Amino acid sequence: MEQLRDIDHVGIAVHDLTASISWYGEAFGARVAHVEDVDHDGVREALLSVGGSFIQLLTPTRPDSTVAHFLERHGEGLHHIAYRVDNCAEALRQVAASGAPLIDVIPRPGSRQTTIGFVHPHGAMGCLIELVEVHHSTAASE
Ligand code: CO
């Protein structure tokens with residue numbers, strides 16, 4: 001079944017969220033649509049609108065967060081791509097049936113009151129993939 005509806009966001013790991021937001025504003029005129037601390041992941045994120053999608057700038061809020069480890073290993077850069085799906089649980093089941101390992105077998109709450117699940121890069125051509133189910137009241141266009 002066709003699962004992917006749109007690009008929800010592209011996640012970029014950064015050291016300095018404020019400086020990164022400023023640069024996106026200066027270089028592209030990009031505006032912040034939303035800022036949120038996601039305690040489960042130990043990150044603060046800033047979403048910048050790009051059409052109906054977002055650039056998600058991510059910075060760690062504690063040293064044991066996966067984004068902190070990513071920055072140590074790779075430095076700043078592309079961290080993950082997030083696809084919008086209608087039903088996160090169903091999409092994860094279909095990915096699992098393909099044989100790819102999941103990071104989240106059970107969907108969990110994401111920022112903006114979305115429901116999310118991550119697919120491990122080892123089964124996805126080296127790309128960390130997030131599946132995002134956007135509930136009606138939090139759609140990007142509103
Ligand atoms: Co994300």
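FYI, the numbering just counts along the sequence from 1. For ligands, and for the atoms within them, numbers begin at 1 and follow the listed sequence. Note that the coordinates shown come from a computational prediction; the quantities given were computed from them, not determined experimentally.
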Quiz item: Any side-chain donor paired with an acceptor under 3.5 Å for Gln56 and His80?
Solution: yes
Self-check item: Glu45 N/O/S atom closer than 2.8 Å to the Co ion (ligand 1)
Solution: no
Quiz prompt | Angle in degrees, rounded to 10°, that OE1 of Gln56 and NE2 of His9 form at the Co ion (ligand 1) | solution = 90°
Self-check item: Side-chain heavy-atom pair Thr66, Asp41 within 4.5 angstrom cut-off
Solution: no
Quiz item: So with a 6.0 Å cut-off around CZ of Arg5, is the heavy-atom count from everything else above 12?
Solution: yes
Exercise. Would you check if the Co ion (ligand 1) lies under 2.8 Å from any N, O or S atom of His80?
Key: yes
Practice problem: For the Co ion (ligand 1), find the closest N/O/S atom on Glu130 and give its atom name. | Solution: OE1
Quiz item: Between Asp16 and Thr18, is there a donor-acceptor pair closer than 3.5 Å when you use the side chain of the first and the backbone of the second?
Solution: yes
Practice problem: Look at Ser111 and state whether any of its N, O or S atoms is less than 2.8 Å from the Co ion (ligand 1). | Solution: no
Quiz item: Hey, are the side chains of Tyr83 and Ile7 touching, using non-hydrogen atoms and a 4.5 Å cut-off?
Solution: yes
